[in-house]
Every structure is written in structure tokens, then in C-alpha cells.
Amino acid sequence: MPSHFIREIVKSDLKTGKWNGCVQTRFPPEPNGFLHIGHAKSICLNFGLASEFGGLCNLRFDDTNPTKEEDFYVKAIIEDVKWLGFDWGDRMFYASDNFVQLYEWAVKLIKDGHAYVDDLSADEIRQHRGTLTLPGRDSPYRNRSVAENLDLFERMKDGEFVDGAKVLRAKIDMASGNLNLRDPVLYRILKVPHHRTGDRWCIYPMYDFAHGQSDSIEKITHSICTLEFEDHRPLYDWILDKLGVYHPQQIEFARLNLAYTLLSKRKLLQLVEEGCVDGWDDPRMPTISGMRRRGYTPESIRDFCERIGVAKANSTVEMALLEHCLREDLNKRARRVMAVLRPLKIVITNYPEGQVEEFAAENNPEEPEAGSRKIPFSRELYIERDDFMEDPPKKFFRLAPGKEVRLKHAFIIRCEEVVKDDGGNVIELRCTYDPDSRTGGATAGRKIKGTLHWVSSQHAKKAEVRLYNHLFTKVNPADEKECPDLKTGLNPDSLEVLKDCLVEPALAEADPGERFQFLRMGYFCVDSKESKPGAPAFNRAVTLRDTWAKISKKKG
RNA sequence: UCGGGCAUUGUCUAAUGGUAGGACGUCAGAUUCUGGUUCUGAAGGUUGGGGUUCGACUCCCUGUGCCCGAGCCA
């Protein structure tokens with residue numbers, strides 16, 4: 001297994017005994033949206049490192065902003081982390097668990113002269129902050145007495161002031177090159193009920209005044225977060241230092257970017273709210289729930305997260321790797337079945353009318369123990385429309401006038417006649433079969449290049465199939481330059497619904513969430529929301545690798 | 001322009017002064033009752049310039065490019 005710099009840090013800490021042999025990590029989502037594949041990277045990293053080195057990983061909700069957070073998201077996040085295969089035991093925490101302690105710590109900072117109540121408006125604070133190149137200016141309220149600060153802060157807590165009237169600020173350095181150190185806001189007034197603490201509080205700590213201390217309280221050893229918090233580390237260090245409490249080590253890594261995919265919770269929420277998708281769990285969404293509904297396995301996602309590595313350089317991973325991980329997993333496990341997505345009728349003219357035979361079909365060539373099933377064969381069948389061409393190019397191994405193909409698990413047939421409607425559209429093929437060519441038969445060994453999947457007309461069941469493609473036409477839809485308006489970046493072909501598909505009889509009763517390989521077509525998953533017994537709906541998780549598609553595309 | 005960070009094949013990622021390696025992708029071939037799988041092979045890389053060294057992706061100097069930062073968001 002390839003290692004990465006964070007694993008090396010943990011290993012070395014273990015060797016030197018820096019944390020007394022402990023590894024304690026945590027995954028700290030804000031419950032303001034659904035988890036996506038980028039979060040999966042962090043989840044696998046934090047839980048993975050803990051289990052690899054005999055440590056523990058907590059689940060902690062960073063719920064310091066009641067205007068954006070909901071219990072609805074808490075539930076979804078719990079389900080997703082569990083589904084990915086991780087367990088936090090009894091260590092599920094909330095930053096809001098620490099509100100009392102955080103308040104007391106704020107009081108301590110005030111008493112020690114490290115924090116003050118500021119009456120400046122948000123706008124004035126911004127003006128005093130200076131710019132990236134120019135230092136800021138002290139607030140006129142910066143030097144209030146400890147007693148006055150204590151009094152004011154308590155009255156903030158007691159609800160005496162309106163939202164925005166006052167804030168508590170750290171007294172650090174208005175000239176610091178690091179903007180986070182220019183007297184950052186620690187507490188703000190928000191007369192908004194909190195999903196857990198209700199209306200007990202009307203002041204709430206900022207993330208920066210909650211995160212580091214929550215890590216400290218939970219005795220986190222390696223506080224792993226993404227690159228944008230690198231500039232905040234000096235602030236966390238300052239707070240923990242002034243408080244004189246346990247001090248975890250923060251380590252930053254680059255967040256995941258995926259080509260043609262949006263991994264910003266804010267923008268994903270926009271897609272949901274504007275109805276561009278069928279909710280957070282739309283199979284086109286990069287959310288864990290969307291990928292689950294699409295047919296991704298937890299194993300494939302974990303494998304992906306291991307393969308992409310962990311580093312500090314920004315990078316964009318190709319979709320092909322994610323798809324490879326899914327195919328590799330499903331190739332081993334998914335039952336093979338036959339489904340015709342765009343049916344074309346064929347009649348075997350020399351096959352007795354009314355006769356039905358049953359042939360054995362292996363369920364998975366990669367796993368003989370998966371056994372086999374019986375599939376019915378009759379005179380009238382359906383094949384894939386794309387598997388016939390009236391005027392085929394050279395390397396076309398499929399059906400064409402006068403050409404032979406093998407029907408998987410059945411006979412070799414020859415196309416004798418093409419039937420068209422008044423519009424010149426092919427509506428039926430009349431074929432003959434070689435009765436000895438059945439599996440095990442006298443002429444079964446004949447070299448035939450093409451093998452097609454099929455269903456028996458009278459036995460097949462109708463099904464709906466959804467074909468998904470990437471949601472965006474832009475490699476980086478999050479880039480405002482590349483994609484100024486989210487909606488115009490959407491791929492108009494991200495979803496194709498096929499209503500008249502025909503599947504093997506047994507598939508009509510498939511269970512929600514069950515995954516199959518539709519022979520030669522791809523991996524499909526029974527939709528967990530809309531599939532009904534007798535009226536199945538399948539989502540295409542990923543196509544099979546398709547060298548023919550590549551060849552024909554190249555030729556134009 | 002200030003502070004912080006980052007640059008290795010098309011993509012992701014190793015190499016911690018000693019043969020630049022792996023994965024995905026691409027291309028070619030073999031096998032195959034899935035144009036799938038499997039197997040074999042190939043092409044392809046150290047951001048530019050200087051230095052130190054027997055030897056530099058690695059150390060030093062100096063450019064260049066990219067990312068993050070001016071929320072009472074996280």
C-alpha cells in the first residue's frame with residue numbers, strides 16, 4: 001500500500017512516543033448539507049488512520065452556526081458514514097456539547113486581558129481590518145477594562161443586545177500579516193434557535209473559537225483538516241496556548257477535486273434548491289447518498305480514496321479512476337443478467353413455433369460458486385438495436401444481413417432478412433439458427449466473433465432504465481471563470497430514461513439496491529426510491545469498458 | 001503588492017543525496033460464448049536558470065506559475 005505524508009507523521013509520532021502511543025482522530029462535518037466524495041476522502045483518512053494504528057476516530061458535528069444547520073443533515077451524515085463502513089462507537093459529539101465550556105473559556109480570555117467586547121458594526125470591523133497588503137487599525141473599544149468587558153459579555157449572553165450590536169473579539173495583533181490574527185471575532189449574537197440547544201443561547205462561538213477547543217476536549221492527537229485552514233492554525237495555537245489546555249497537532253492536506261464534478265456543498269445545495277437534480281441523492285450527484293443510489297459500493301469508494309493518495313498539492317482526479325474502482329469491485333461480485341435496453345425484434349424462422357427451451361446461464365464467470373440460472377429461449381426474441389447494422393463497417397462483429405453471431409448461452413444465428421416499416425426503419429430481423437450450435441453441441445465450437453445478449457419476447461419483463469452521464473460539461477464547474485452560471489454548465493445529456501427495456505423474468509422482482517451486470521451494457525442498480533416489484537427501475541452505475549465504442553467514435 | 005502553501009508522464013501519487021517507481025488512462029498484441037474479465041508489451045515525467053556534490057526530484061541561490069486568505073460562514 002502506498003503511504004502518504006500524514007501516515008508517515010503518525011508512524012513517526014508513534015515511534016517517538018509523542019502522544020504516548022495514542023492515535024485519536026475525528027471527522028468533523030458541519031450539518032448543513034449532505035456528505036460527498038470529497039468528505040469520503042477525509043472520512044477514510046481519519047477513520048482509516050485510527051484503525052490502522054489501533055486508535056479511535058470520533059464523529060463530531062461542528063454545529064456553531066444555527067442559521068444553517070439542521071437535524072435533517074445530522075441524520076443523513078450518520079447514515080452515510082455508517083454505510084461507508086466506519087464506526088465511531090459511543091463517541092458521537094457536537095461542538096454544541098461544549099457551549100458552556102467555550103463560554104467559560106471566553107470569560108477566562110477576557111479576565112486575562114486577551115479578549116474584548118467590540119461595539120463596531122460588521123462593516124466597521126471590515127474597514128478597520130485593513131487589506132491583504134495594509135495593516136489594520138485598532139477598534140476604539142479595544143482597551144475597555146476587564147470589568148466592563150465581563151459585564152458586556154454577560155449581557156450579550158443574557159440577550160440584552162440585538163443581533164450584530166456587539167461581538168467578542170480576541171486581542172491579538174491588528175497589524176499581523178495573517179488576517180486571522182487581526183483580532184478575530186470569537187462570539188456573535190444570533191437570536192436563532194439551535195437544532196440541539198434550542199433557545200438556551202443567543203450568542204454562538206465562531207468556528208475558530210470552537211474547533212480547536214473541541215479537538216482539545218476530545219484529546220485529539222492528529223487534527224487533520226484541509227489546506228484552507230493552514231492560515232488558521234496560528235490562531236488555534238494562540239487560543240489553546242492562552243487557555244493553557246491540551247494541544248493537538250493540526251495537519252492539513254489538499255481536498256479532492258473530481259473532473260466534471262462539483263464538490264462544494266454550497267453549490268450542491270443550489271442544484272437541489274433550484275431543482276436541477278432530484279434531491280441530494282440524485283444518482284448524478286457526487287454525494288455519498290447519490291452514489292449509493294446510483295450503485296456505488298462502499299468498498300469501491302474506500303478503494304478510490306486509498307488510490308488517490310493524500311498530499312498538499314491541489315489536484316483534480318479523473319473520473320476514470322473512480323469508475324475503474326467500481327468496475328473492479330462489481331466485476332467480482334455482480335450477477336450477470338441479460339437486459340435489452342433498446343429492443344429490436346428478431347424471429348428465428350426455422351425454430352418451431354410455440355417451442356420453449358430453458359438454458360443454463362452462469363451467474364458470474366468470476367465466481368463459479370455463484371451458480372447458474374435457467375433462462376427461456378423461444379422463436380421470437382429481442383436483441384439490442386445497436387447490435388445490428390444494415391451496412392456495417394469492417395470490424396463490426398455483430399449482426400448484419402447474411403452475417404452470423406452467437407446468442408449468449410444459446411445458438412448461433414444468421415440474419416436472413418431485414419423487415420422495414422413504411423419509413424424505411426428496421427423493425428424486425430428474420431434469422432435462422434444452427435440447432436447444433438448450442439453450448440455443448442456439435443457445432444458449438446465454431447469460431448464466431450460476435451456474441452449478443454437477448455431476451456425471449458414472451459418471457460421478458462418490461463423495465464425502466466436510467467442512463468447517467470456526468471452532470472457538467474465543464475471540467476471544473478466550480479470555477480467561476482470557466483462556468484459563470486452553474487445552470488449553463490449542466491450537461492443536457494446527464495440523464496436518459498429508457499422506458500421500454502426488456503429484462504430477464506427474474507429481474508422483475510429484484511430488491512432495491514441490488515446490483516447487476518447487464519451483459520455487455522454495464523453495471524446497474526435497482527433504484528431504491530422508485531423501483532416497484534413488477535415495475536423495476538434500474539440506474540446505470542457505470543458502463544463496461546467498451547473498446548468498440550472507442551473504435552467507432554474514432555472513425556466518426 | 002502582504003501572509004501562508006504548492007510545483008514529478010495525459011491524470012493521481014512514490015522516491016527523505018545513490019537505477020525516477022506504482023496506479024488510472026492511452027496504444028499494440030494474446031486469451032475469451034460479455035468488443036467485459038485476464039495476461040503480455042509499449043509510449044510518456046522531475047517548473048526555468050545558476051550553484052554545492054563523485055552523484056541532486058531531494059540541499060543552496062534566483063526566477064516563473066498555481067492555490068488559499070480582507071464572513072459577525074465552516
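So you know, we letter chains A, B, ... as the sequences are listed, proteins then strands, and number each from 1.
Enclosure of atom NZ in A/Lys449 is not indicated, since only 12 or fewer non-hydrogen atoms of other residues, nucleotides or ligands lie within 6.0 angstrom.
In this entry B/G25 has no Watson-Crick or G-U wobble partner, no candidate having both defining distances under 3.5 Å. Under the Watson-Crick or G-U wobble criterion, with both distances below 3.5 Å, B/U38 is paired with B/A30. Checking B/G65 for Watson-Crick or G-U wobble geometry (two distances, each under 3.5 Å) identifies B/C6 as its partner. B/U19 is unpaired under the criterion used here, namely a Watson-Crick or G-U wobble arrangement in which both key atom distances are under 3.5 Å.
The residue A/Phe229 sits close to a base: some heavy atom pair falls under 4.0 Å. Within 4.0 Å of A/Gln517, counting heavy atoms only, lies at least one base atom of the nucleic acid. Within the nucleic acid shown, A/Arg336 comes within 4.0 Å of at least one base atom, counting heavy atoms only. Counting any heavy atom pair closer than 4.0 Å across all strands shown, A/Thr67 reaches no nucleic acid atom. Nucleic acid contact class of A/His409 (heavy atoms, under 4.0 Å, all strands): base. Residue A/Thr131 is in base contact, counting any heavy-atom pair closer than 4.0 Å across all strands shown. A/Arg129 comes within contact range of the sugar-phosphate backbone alone, with a heavy-atom separation under 4.0 Å but no base atom that close. When heavy atoms are screened at a 4.0 angstrom cut-off, A/Ser176 is found touching no nucleic acid atom at all. Across all strands, A/Leu120 comes closer than 4.0 Å to base atoms (heavy-atom distances). Using a 4.0 Å heavy-atom criterion, one finds that A/Ile125 contacts the bases of the nucleic acid, with or without backbone contacts as well. Residue-level contact check: A/Ala122 touches the bases, meaning some heavy atom is under 4.0 Å from a base atom. A/Leu227 comes within contact range of no nucleotide atom at all, as no heavy-atom separation falls under 4.0 Å. Heavy atoms of A/Arg266 sit nowhere under 4.0 angstrom from any nucleic acid atom. Looking at heavy-atom distances under 4.0 Å, A/Glu366 makes contact with a base.
Remark: the separation of the C1' atoms in B/A28 and B/G44 is 15 Å, to the nearest Å. B/G21 and B/C60 are spaced 27 Å apart, taking the C1' atom of each and rounding to whole Å. Atom name P, nucleotides B/C67 and B/C72: the rounded distance is 24 Å, in whole Å. Rounded to the nearest Å, the gap between the P atom of B/C27 and that of B/U32 is 23 Å. The C1' atoms of B/G71 and B/C61 are separated by 40 Å, rounded to the nearest whole Å. Separation of the P atoms belonging to B/G29 and B/U46 is 29 Å when rounded to the nearest angstrom. Comparing the same atom, P, in B/G50 and in B/G36 gives a spacing of 49 Å after rounding to whole Å. The gap from the P atom of B/U16 to that of B/A20 amounts to 13 Å, rounded to the nearest Å.
Taking 4.0 angstrom as the limit, A/Arg545 places none of its side-chain polar atoms (N or O) nearer than this to OP1 or OP2 of B/G35. One finds no side-chain N or O of A/His453 lying less than 4.0 angstrom from the OP1 or OP2 phosphate oxygen of B/U34. At least one side-chain nitrogen or oxygen of A/Lys550 sits closer than 4.0 Å to the OP1 or OP2 atom of B/U26. At B/A74, one or more side-chain N or O atoms of A/Thr64 fall inside 4.0 Å of OP1 or OP2 (strictly under the cut-off). At B/U11, none of the side-chain N or O atoms of A/Arg307 fall inside 4.0 Å of OP1 or OP2 (strictly under the cut-off). Side-chain nitrogen and oxygen atoms of A/Ser315 include none within less than 4.0 Å of the OP1 or OP2 phosphate oxygen of B/U11. Between B/G71 and A/Arg169, no contact under 4.0 Å exists linking OP1 or OP2 to a side-chain N or O. When the side-chain nitrogen and oxygen atoms of A/Arg182 are compared with OP1 and OP2 of B/C2, none of them lie within a distance under 4.0 Å. OP1 and OP2 of B/G4 both lie 4.0 Å or more from every side-chain N or O belonging to A/Arg233. A/Arg137 has no side-chain polar atom (N or O) that falls below the 4.0 Å cut-off from OP1 or OP2 of B/A70.
A salt bridge between A/Arg233 and A/Asp237 is absent, with no side-chain N of the basic residue lying under 4.0 Å from a carboxylate O of the acidic one. A salt bridge does not link A/Arg60 with A/Asp97: none of the charged nitrogens is closer than 4.0 Å to a carboxylate oxygen. With salt bridges taken as basic N to acidic carboxylate O contacts below 4.0 Å, none links A/Arg398 and A/Glu384.
When the C1' atom of B/A74 is taken as reference, atom NE2 of A/His195 falls 14 Å away, rounded to whole Å. The distance between atom CZ of A/Phe5 and atom C1' of B/C6, rounded to the nearest whole Å, is 11 Å. Atom NZ of A/Lys447 is separated from atom C1' of B/U31 by 9 Å (rounded to the nearest Å). The CE atom of A/Met174 sits 10 Å away from the C1' atom of B/A70 (whole-angstrom rounding). A/Met156 places its CE atom 9 Å from the C1' atom of B/C72, with the value rounded to the nearest Å. Rounded to whole Å, atom P of B/U37 lies 14 Å from atom CG of A/Leu326. In this structure, A/Arg520 places its CZ atom 10 Å from P of B/U34, rounding to the nearest Å.
With sequence neighbours excluded, no residue forms a side-chain contact (heavy atoms from CB on, under 4.5 Å) with A/Ser12.
When distances are taken from the side chain of A/Asn331 to each of B/U11, B/U37, B/A74, the shortest belongs to B/U37. Checked against B/G5, B/A74, B/C24, the side chain of A/Glu230 finds its nearest nucleotide in B/G5. Across B/G35, B/A70, B/C24, the shortest atom-to-atom separation from the side chain of A/Leu179 is found for B/A70.
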*Carefully, step by step, assess A/Phe61 and A/Phe27 under the rule ring pair (Phe, Tyr, Trp, His ring centres under 6.0 Å).*
CA-CA 8 Å; A/Phe61 292 96; A/Phe27 171 63; 8.5 Å; no

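Within the cation-pi definition used here (under 6.0 Å to the ring centroid, within 45° of the axis), A/Arg335 does not qualify as a partner of A/Phe516.
For A/His128 against B/A70, no side-chain N or O and base N or O form a donor-acceptor pair under 3.5 Å. You won't find any donor-acceptor pair under 3.5 Å spanning the side chain of A/Glu252 and the base of B/G5, going by distance alone. Side-chain N/O atoms of A/Asp546 and base N/O atoms of B/G35 include no donor-acceptor pair closer than 3.5 Å.
For the ring-ring contact (aromatic ring centres under 6.0 Å, His included) criterion with A/Tyr187, the lone passing option out of A/Tyr116, A/Trp105, A/Tyr204, A/Phe153 is A/Phe153.
In this structure, A/Phe229 has its ring center closer than 6.0 angstrom to the ring center of A/Tyr207.
When the nearest nucleotides of RNA chain B are assigned to A/Glu69 and A/Lys312 by heavy-atom distance, the more 5′-ward of the two goes with A/Lys312. For the pair A/Phe396 and A/Glu8, both in contact range of RNA chain B, the more 5′-proximal nearest nucleotide belongs to A/Glu8.
With its glycosidic angle within 90° of 0, B/G71 adopts the syn conformation.
When all heavy atoms are compared, the tightest approach of A/Asp303 to A/Glu328 is OD2-OE1, 3.9 Å.
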